[in-house]
2 protein chains.
Amino acid sequence: MSQNQAMDNYSSSFFLGKHFSQFEPALKEKIAANASLREFSAGEQIMQTGQYFRSTVLIAEGRVKLYREGAAGEEFFIYYLEPGQACALSMICATRQETSQIMAKAIEPTIVLTIPIQLMDDLMREHKTWYYFVLDSYRSRFEELLTVVDNVIFKSMDERLEYYLKRQCEKLQTKQLRITHQEIANDLNSSREVISRLLKKLEQNRQISLFRNYIECHF
Amino acid sequence: MSQNQAMDNYSSSFFLGKHFSQFEPALKEKIAANASLREFSAGEQIMQTGQYFRSTVLIAEGRVKLYREGAAGEEFFIYYLEPGQACALSMICATRQETSQIMAKAIEPTIVLTIPIQLMDDLMREHKTWYYFVLDSYRSRFEELLTVVDNVIFKSMDERLEYYLKRQCEKLQTKQLRITHQEIANDLNSSREVISRLLKKLEQNRQISLFRNYIECHF
DNA sequence: CAGCCTCTGTGACAAGAATCACAAACTCCC
DNA sequence: GGGAGTTTGTGATTCTTGTCACAGAGGCTG
């Protein structure tokens, strides 16, 4: 075993201990022995639309933003993945050798744990904790996707914008959002002017304060 | 064992053989021995929004329509479930005792197989076929939900309507759709007048023919 | 400080979709 | 056949959102 791989294994255990504490020691060891680490810098793409998966992906550090891509290259924001979570799509695509229809981008320096598909059968059979984790990942992402549908179907743009801002504040753990109107418009698949106008309204209602390059929320 | 239950078991095997042929005999027997059958008449609700699940649901006969409900009671059509498919939500909610955020309605006389949650651990551990089936159910529903998002986000109402009609033809295996404009409008969360006008346009383009209470598609 | 780029604000207009109002056509049932 | 209920067609109007055009403000760099 190369020194590099020994280091990988050490680091895998570290992240497993930090963010996957519900896994029992035997499960953690098994994953650590087989997983490898991959690093991504902020802004780097982790998955492209249509890519094949050869492994299951767990987020060890950082933050990943998932988008659905439109025909003309528009990037509609779906949800974030955080440390301790798994890419639900990578788990199923992995078992079936199918392609993913989603694009993922690291928005912070990010480290992911990749587990070879071959290990899945063993993990599912031997570790109830693991299959609970897998099913729960699915359920959570599924529910999150359903709330996205809800918003798009039943809500108007001003409500969607408000929900978007609240969600950002929660996920990023801050009331100061470093983001431009154009970026928000992209995430919501709207246009900059519309977002600017709606933000102005929110400011007039004292719900937020607007500054150059960032927004302060008073939710 | 009551005669009734004996009949249930017999019938369960029958449906398992008919629509779940990928399951190996041992798996089918185990499910048949533990599952029970429930019948629903056309139009009956199978799940209500917010309901708890105590079992995993497989569709044995008929057809089930799944909706997402809006705050004002609007019912937005998500997808159909057919014989051989499982309700993905019931599998995860079952393992975690969570509530579902979806409403399901039988649109034909429908028979479902319900498998008690207690059996899940055993099935997952002992039968690779089963956990592949579970993960694949998830993947398929997830992808289907993503295409719903795509349509709502990136497409205009005329494109969504066309996609809707094609999907109905495929799923219901017919070019004659017995459906009113109002029902389509409900499924797409639009209004009857808008749908009527767009249908007229499709008719002018020779893509469909309109009749009272049904539509003939020439796709 | 001058020039350039990015970000934001705003008015005018266009397009899509929802709503209202009403009429016509079809179906069923007494 | 006549009336009631359901389904469909269509114009007029309004609302929301997207698009175009342009201006000004802030920040960076030579």
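Proteins get letters first, then strands, A, B, ... in listed order; numbering begins at 1 in each.
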* To do: Evaluate the criterion side chain to side chain contact (heavy atoms under 4.5 Å, CB included) for residue pair A/Tyr163 and A/Asp150; output intermediate values, then yes/no.
  => CA-CA 11 Å; A/Tyr163 178 73; A/Asp150 274 2; over 6 Å; no

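- Among residues two or more places apart in sequence or in another chain, the side chain to side chain donor-acceptor pair (under 3.5 Å) test is passed with A/Ser41 by A/Glu44.
- Residue pairs meeting the ring-ring contact (aromatic ring centres under 6.0 Å, His included) criterion with at least one member in residues 183-219 of chain B, sequence neighbours excluded: B/Phe211-B/Tyr214.
- Using a 4.0 Å cut-off between charged nitrogen and carboxylate oxygen, A/Glu170 and A/Arg167 do not count as a salt-bridge pair.
- A nucleotide of DNA chain D counts as in contact with chain A when one of its atoms lies under 4.0 Å from a heavy atom; the first and last such, 5' to 3', are D/dT17 to D/dG27.
- A/Glu183 pairs by the side-chain contact (heavy atoms from CB on, under 4.5 Å) definition with A/Ile179, A/Thr180, not counting sequence neighbours.
- If you check residues 177-196 of chain A against DNA chain D, the residues with a heavy atom closer than 4.0 Å are A/Asn189, A/Ser190, A/Ser191, A/Glu193, A/Val194, listed by number.
- The backbone N or O of A/Asn205 lies less than 3.5 Å from no partner atom in the side chain of A/Gln207, so there is not a single donor-acceptor pair.
- Every residue two or more places apart in sequence or in another chain that forms a side-chain contact (heavy atoms from CB on, under 4.5 Å) with A/Ala60 is listed here: A/Phe15, A/Ile111.
- Scanning both residues, A/Ile46 and A/Thr110, for their nearest heavy atoms gives CD1-CG2, 4.4 Å.
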* Asked: Between B/Leu66 and B/Met47, is a side chain to side chain contact (heavy atoms under 4.5 Å, CB included) present by the stated rule, with each step listed?
  -> CA-CA 9 Å; B/Leu66 278 90; B/Met47 307 191 300; 4.3 Å; yes

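- Within the structure, every pair that satisfies the ring-ring contact (aromatic ring centres under 6.0 Å, His included) test and touches residues 63-87 of chain A, not counting sequence neighbours, is listed here: A/Phe77-A/Tyr80.
- In this structure, B/Arg68 contributes its side chain and A/Val149 its backbone to no donor-acceptor pair below 3.5 Å.
- Atom CZ of B/Arg38 sits in a sparse spot, with 12 or fewer heavy atoms from other residues, nucleotides or ligands closer than 6.0 Å.
- Contacts with DNA chain C (heavy atom under 4.0 Å) in residues 145-161 of chain B: B/Ser156, B/Met157, listed by number.
- Residues of residues 198-219 of chain A having a heavy atom closer than 4.0 Å to DNA chain D, listed by number: A/Arg212.
- A salt bridge links B/Glu82 with B/Arg63; the closest basic N to acidic carboxylate O contact falls under 4.0 Å.
- Evaluation of the ring-ring contact (aromatic ring centres under 6.0 Å, His included) test over residues 178-210 of chain B, restricted to residues two or more places apart or in two chains, returns none.
- A salt bridge (charged side-chain N to carboxylate O under 4.0 Å, His left out) check over residues 187-196 of chain A, counting only residues at least two apart or in different chains, returns the pairs A/Lys65-A/Asp187.
- Contacts between chain A and DNA chain C, taken as any atom within less than 4.0 angstrom of a protein heavy atom, begin and end at C/dT6 to C/dA12.
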